Amino acid sequence: MHTDDLCTAREHPMTDNRDELVPVSGYFYQTCEKFPSRPAQRYNAALYHGDNNGRFTYAEMLKRVEDIACGLLSMGLGRQERIGLMSRSSPYWTQTDMAAAGCAAVSVAVYPTLSAGEVSYILSDSGCRYLFIDTEENLNRILNGLGELPALERIVVMDFGYRSGDGRTIGLWDLMEQGRAWKKSNYALYEERRLSVGPEDWYTILYTSGTTGRGKGVVLTHGCVSSRLEGVREFFARHRMGIGEDDVTLCYLPLSHIFERGSCELLAICQGACIAYADKPATLLDDMQKYNPTWINCVPRLYEKIYLGLKKKMSASPVKKTLFDLAFHVGRKALDYRRDHRGCYNMSPGYDLHERLPLGLKLQYRAAERLFSQVRALFGTRFRFAFSASAGIAPELLLFYYTLGIAVVEGYGSTESASACILNPITACKPGFVGIEANDSLARTAPDGELEISGAGMFSHYLNLPEDTGRSFTADGWFRTGDVVEKDDYGYYRILDRKKAIICTSVGKNIAPAKLESLFALSRVIEQVFFIGDERSYISALIVPNYQHFIDFFEQERIPYDRDCVKFSEIGGLSICTEVGEDFVNHPGLKEIIEHEVALVNRRLEDFEQVRRFTILPRRFTEENGLLTPTQKVRKAEILREYTGVIETMY
């Protein structure tokens with residue numbers, strides 16, 4: 001059995017080559033020079049007024065980036081001044097990001113779904129002088145509060161159809177026209193500015209999700225990001241995960257988050273790969289067929305939804321279910337031949353599983369593969385792997401995908417670490433663990449179990465928060481992540497939970513909510529769960545059912561319910577049921593099914609971890625009602641405040 005070389009950054013010592021690091025803008029220019037005719041960006045042109053027929057080569061993208069950059073310089077943009085980027089993920093997001101970097105300016109990422117108050121706080125805290133915004137709807141939200149943002153001078157609307165009616169705003173096309181005119185006689189000034197960018201210059205400010213309060217502005221320098229990209233190059237090459245100019249990634253998660261920014265946009269630009277942009281998250285599978293990516297970034301909740309959708313499809317008839325169950329049984333037996341003595345699975349596309357199977361199983365697996373290949377075809381014909389981050393993914397879910405031959409590579413990182421600092425090599429993926437030290441990072445465990453990291457990618461500081469910055473580092477300079485971990489004998493880390501999230505009961509037991517959440521992750525009937533237990537004698541839970549599942553169930557069984565109380569909202573481009581009536585959640589049939597689901601989970605828990613009481617909620621946790629962050633993490637304090645009365649009735 002092949003065993004992957006798990007050498008980490010400790011066996012590949014880092015040298016202090018900060019002065020040799022290339023700035024982010026330098027990577028972009030290197031790639032444009034090396035691969036001018038290679039595809040850089042692809043997208044649905046109909047969403048962008050037919051712009052460039054939906055594709056840019058690197059040479060064309062360079063021209064566009066310089067037009068935007070020179071437009072900014074023509075308006076007087078100074079070194080290290082802040083430019084807000086408030087937009088969904090789009091080709092314009094990336095073009096503006098590279099333009100800002102080339103001007104030695106600092107991009108400030110702003111989620112377009114944030115409330116007006118949160119947007120105002122970020123723009124004010126960071127001192128943004130300019131703001132790029134994607135829609136007139138978002139523009140109007142900002143204009144209403146412009147008086148509270150004296151530093152904000154100009155807003156650029158990233159829509160070729162927009163024409164400004166006053167001096168406060170300008171359309172992207174007009175900005176570029178202005179830039180082209182300025183560039184004719186001032187290009188040397190732009191070049192001087194671009195070449196002045198050094199590793200200590202700030203590249204971007206990203207705000208943390210703010211699950212326990214206001215988000216903090218994390219300052220990432222060019223040197224910080226470049227050191228991470230160099231670490232990625234080395235780690236990926238060593239573990240046969242190399243990305244090159246023939247690769248395509250599909251961008252659909254928010255570029256405002258470091259996960260998509262680092263592992264999609266910056267990785268692609270650094271390596272000369274093409275970035276395709278999904279129409280919206282809801283069209284992901286359609287866009288996979290259209291753009292045929294070789295890798296994507298994904299979050300556990302989407303893997304769970306794809307899994308549940310596949311299971312439902314394969315159970316549409318008794319015959320289909322029997323065939324799938326038989327094939328899956330064979331696939332699980334074959335999967336053992338990818339597994340080594342450490343519990344790691346080699347999911348590399350170059351791993352020849354067929355050659356390792358005994359004859360009888362090989363014949364059975366060939367038949368099962370016909371079904372598995374149809375499922376894999378949903379991801380396109382060139383798909384190699386998907387990254388998973390932002391939350392833990394259930395080991396059973398990973399094994400499901402591995403059985404189908406789909407490589408899902410789990411990792412760990414944070415805004416402060418400029419993306420992944422711990423990662424599973426594709427040649428040695430270990431379900432339940434986020435991986436080993438990776439991408440030139442070092443990791444260690446504090447006496448209380450907290451993960452501490454050092455090495456490449458570390459952020460500079462929290463903006464305007466020197467005391468918070470100081471508390472975040474140990475005396476010897478390691479960053480305190482706030483996550484409690486376990487490390488196995490092979491150097492793999494398992495995340496137990498956020499240090500602040502650990503529930504401490506009144507009887508002295510410590511319980512990790514993440515463990516409980518993972519057991520509900522693959523439920524067809526439960527959508528969201530929030531656990532309570534701090535200073536209480538037992539665990540209780542607030543449960544949001546899968547409303548759509550029960551709507552279908554009630555309709556099929558002709559069970560009456562108050563349809564006037566059922567409300568839908570658009571989330572990620574999908575129409576999702578977010579609210580139902582009290583009669584709906586109090587129906588005996590629904591309560592019995594939820595009780596059964598909780599009982600199944602309780603069987604897998606220690607006595608003190610079990611959910612003793614729960615309340616079924618008629619309203620989903622969403623960004624809109626302030627109970628989720630833009631990264632879909634629960635706002636604990638807000639939920640506890642919102643449901644104080646409900647929680648007290650459970651005790």
Side-chain angles (χ1 to χ4, degrees), residues 1 284-285 288-289 296 298-340 342-381 383-388 392-410 424 426-433 518-526 546 549 596-597 600-601 603-604:
M1 178 66 65
L284 176 63
L285 290 179
M288 295 278 278
Q289 298 298 311
I296 61 167
C298 209
V299 292
R301 192 60 190 135
L302 189 61
Y303 290 118
E304 291 158 12
K305 286 185 177 295
I306 294 172
Y307 161 83
L308 293 170
L310 287 172
K311 292 282 280 188
K312 184 177 181 180
K313 187 175 181 180
M314 294 302 173
S315 303
S317 71
V319 173
K320 269 191 172 183
K321 186 178 187 310
T322 300
L323 288 174
F324 183 77
D325 288 347
L326 283 171
F328 197 76
H329 177 69
V330 170
R332 285 301 287 264
K333 286 199 294 184
L335 185 61
D336 286 340
Y337 289 83
R338 290 185 182 271
R339 189 174 184 268
D340 66 17
R342 302 162 302 181
C344 299
Y345 294 84
N346 191 328
M347 295 306 299
S348 170
Y351 185 82
D352 193 342
L353 177 61
H354 290 82
E355 285 300 310
R356 290 167 170 80
L357 299 179
L359 182 59
L361 183 56
K362 185 182 294 188
L363 294 173
Q364 292 177 318
Y365 187 70
R366 279 178 185 162
E369 255 290 274
R370 294 192 191 101
L371 179 58
F372 297 160
S373 64
Q374 292 175 32
V375 176
R376 290 198 301 272
L378 294 173
F379 293 78
T381 59
F383 194 73
R384 287 164 49 209
F385 55 82
F387 293 119
S388 179
I393 185 168
E396 309 95 272
L397 188 58
L398 285 173
L399 291 174
F400 172 82
Y401 282 106
Y402 291 173
T403 299
L404 298 176
I406 298 169
V408 177
V409 178
E410 188 174 13
N424 275 281
I426 196 171
T427 47
C429 296
K430 192 165 191 175
F433 293 79
S518 70
L519 297 178
F520 285 98
L522 304 184
S523 170
R524 293 181 301 111
V525 298
I526 293 176
N546 182 339
H549 173 87
H596 177 69
E597 197 79 1
L600 289 176
V601 168
R603 288 179 202 168
R604 302 171 65 182

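None of these values were measured; they are calculated from a predicted model.
In terms of heavy-atom proximity, L398 sits nearest to G432 at CD1-N, 4.4 Å. Residues G343 and P431 come closest through the heavy atom pair O-CD, 4.0 Å. Shortest non-hydrogen contact noted between A407 and I426 is CB-CD1, 4.0 Å. The nearest pair of heavy atoms linking A334 to L353 is O-CD1, 3.6 Å. Heavy atoms only, all atoms of each residue included: Q289 and A377 are closest at NE2-O, 2.7 Å. Of all heavy-atom pairs between F433 and E410, the closest is O-OE1, 3.5 Å.
Put simply, the side chain of L522 does not reach to within 4.5 Å of the side chain of F400, judged on heavy atoms. Side-chain atoms of K333 and Q364, non-hydrogen and from C-beta on, do get closer than 4.5 Å to each other. Using a 4.5 Å heavy-atom cutoff, the side chains of Y345 and L399 are in contact. Under the 4.5 Å side-chain criterion, counting only non-hydrogen atoms from C-beta, V375 is in contact with M314.
In this view, E369 and H354, Y365, F372, R376 satisfy the side-chain contact (heavy atoms from CB on, under 4.5 Å) rule, not counting sequence neighbours.
Expressed to the nearest 0.5 Å, how far CG of L519 lies from CD1 of I526 amounts to 11.0 Å. Rounded to the nearest 0.5 Å, atoms OG (S388) and CG (L397) are 8.5 Å apart. In this structure, the separation between CZ on F385 and SG on C429 is 10.0 Å, given to the nearest 0.5 Å. Rounded to the nearest 0.5 angstrom, L378 CG and L404 CG are separated by 10.0 Å. With rounding to the nearest 0.5 Å, the separation of CG in L310 from CD in Q374 is 11.5 Å. Between the CZ atom in F379 and the CD1 atom in I296 there is a gap of 6.0 Å [rounded to 0.5 Å].
Judged by the 6.0 Å distance and 45° axis criteria, R356 is positioned over the aromatic ring of Y351.
Under a 3.5 Å cut-off, the side chain of N424 and the backbone N or O of K430 do form a donor-acceptor pair. Although no hydrogens or angles enter the test, the distance criterion places no donor-acceptor pair under 3.5 Å between the side chain of Y402 and the main chain of N346.
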Donor-acceptor contacts under 3.5 Å from residues 299-308 side chains, at least two apart:
from : atom 1 : to   : atom 2 : distance (Å)
R301 : NH1    : E304 : OE1    : 2.5
R301 : NH2    : E527 : OE1    : 3.4
R301 : NH2    : E527 : OE2    : 3.0
Y303 : OH     : F387 : O      : 2.9
K305 : NZ     : E527 : OE2    : 3.2

Please tabulate, for the side chains in residues 316-323, all donor-acceptor contacts under 3.5 angstrom to protein atoms that are two or more places apart in sequence or on a different chain.
from : atom 1 : to   : atom 2 : distance (Å)
S317 : OG     : K320 : N      : 3.2
K321 : NZ     : D325 : OD2    : 2.8
T322 : OG1    : P318 : O      : 2.8

